[in-house]
Amino acid sequence: QRGHTFDATRDTIRAVRTAEPWLADADQELDDLSLGLILDAYATEYAYPASPAMQAVAADLRSHRGAGERRALARSALMLGYRFDATHLERSAVRAGADGRPACLLVATAHHMDEVVQQRLVDHVAAGGALVALGPVPQFDLSGEPCRVFAEALGLSPGQVLADGPCTELGELALGR
């Protein structure tokens with residue numbers, strides 16, 4: 001014997017089957033884009049209070065962590081309609097994109113970055129992957145010791161960091177004028 005919801009359920013299933021060719025399946029579909037996740041940047045609440053050096057490292061990591069200043073990296077990608085995952089840069093390399101090269105990596109950088117993560121970014125670029133870095137060029141490891149693996153491998157030098165204030169047109173600065 002059929003219940004009182006049988007007819008409504010049958011009609012719903014027929015409607016879904018009619019639209020089946022246009023409905024998304026359960027497979028995750030990603031563009032060749034990944035957001036770099038550096039969990040060390042979130043471990044800042046237990047910095048030793050009597051150490052000015054550790055307080056400086058923690059403050060630097062807090063101001064540049066995640067998706068960058070005001071979440072600009074993730075917001076920009078989402079607003080442009082990109083579908084992306086996240087890569088835990090302390091543990092793994094970026095996945096391969098559709099063309100076999102590593103996916104484009106978006107990463108927020110800070111003055112302080114673990115040497116392993118700096119080397120992973122260098123390896124990513126060396127393997128043919130694109131890198132969009134937002135923030136200062138890393139100059140130190142997480143203990144405050146000089147560490148320029150990223151900067152030296154890519155031929156970068158630190159410059160002025162522009163954030164939240166009046167400045168010249170950023171397009172001109174990016175072109176080096």
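Numbering of residues begins at 1 and proceeds along the displayed sequence.
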If you look at every heavy atom in Leu33 and Asp85, which pair is closest and at what distance?
O-OD1, 3.5 Å
Heavy-atom closest pair (Leu131 atom, His124 atom, distance to 0.1 Å) is CB-CD2, 4.4 Å
Out of curiosity, does Tyr82 fall in the hydrophobic cluster containing Leu78 (side-chain heavy atoms, cut-off under 4.5 Å, transitive links)?
yes
Report yes or no: do Leu30 and Leu80 belong to one cluster of Ile/Leu/Val/Met/Phe/Trp/Tyr joined by side chain heavy-atom distances under 4.5 Å?
no
So His112 and Asp141, do their side chains get closer than 4.5 Å, heavy atoms only?
no
Using a 4.5 Å cut-off on heavy atoms from C-beta on, say whether the side chain of Cys104 contacts that of Val132.
yes
If Ile, Leu, Val, Met, Phe, Trp and Tyr residues are connected whenever their side-chain heavy atoms lie under 4.5 Å apart, and connections chain through other members, are Leu105 and Val125 in the same group?
yes
Could you state whether Val116 and Val149 fall into the same hydrophobic cluster, counting links through intermediate Ile, Leu, Val, Met, Phe, Trp or Tyr residues with side-chain heavy atoms under 4.5 angstrom apart?
no
Inter-residue atom distance Ile38.CD1 - Gln118.CD, 0.5 Å rounding
9.5 Å
As an exercise, state the distance from CG of Leu142 to CE of Met54, rounded to the nearest 0.5 Å.
7.5 Å
Please confirm whether the backbone N or O of Phe140 pairs with a side-chain atom of Glu145, one donor and one acceptor, at under 3.5 Å?
no
For Asp32 and Ala98, indicate whether the former's side chain and the latter's backbone hold a donor-acceptor pair under 3.5 Å.
yes
Lys/Arg-Asp/Glu bridge criterion (N-O < 4.0 Å) met for Asp123, Arg120:
no
Nearest 0.5 Å, please: how far is CE in Met113 from CG in Leu121?
5.5 Å
May I ask you to decide if Gly129's main-chain N or O and Arg101's side chain share a donor-acceptor pair within less than 3.5 Å?
no
Rounded to the nearest 0.5 Å, what separation is found between the OG atom of Ser34 and the CG atom of Leu89?
7.5 Å
Tightest non-hydrogen contact, residues Leu35 and Ala74, listed as CD2-CB, 4.2 Å
Tell me every residue that passes side chain to side chain contact (heavy atoms under 4.5 Å, CB included) with Gln55, counting only those two or more places apart in sequence or in another chain.
Ala47, Pro49
Under 4.5 Å between side-chain heavy atoms, hopping through other hydrophobics if needed: is there a path connecting Leu154 to Val94?
yes
Counterpart residues, salt bridge (charged side-chain N to carboxylate O under 4.0 Å, His left out), relative to Arg91 (two or more places apart):
none
Test item: Thr109 and Pro136 side chains (from C-beta on) under 4.5 Å apart, heavy atoms
yes
Of all heavy-atom pairs linking Ala77 and Phe84, the shortest is CB-CE2, 3.6 Å
Could you tell me if the side chain of Leu37 sits less than 4.5 Å from the side chain of Thr87, heavy atoms only?
no
For a quick test of reading the model, state the closest non-hydrogen atom pair linking Ala151 to Gln139 and the distance between them.
CB-NE2, 4.1 Å
CD (Glu115) with more than 12 external heavy atoms under 6.0 Å:
no
Can you establish whether the number of heavy atoms outside Tyr48 located under 6.0 Å from its atom OH is more than 12?
no
What is the minimum heavy-atom distance between Pro102 and Ala127, and which atoms define it?
CD-O, 3.6 Å
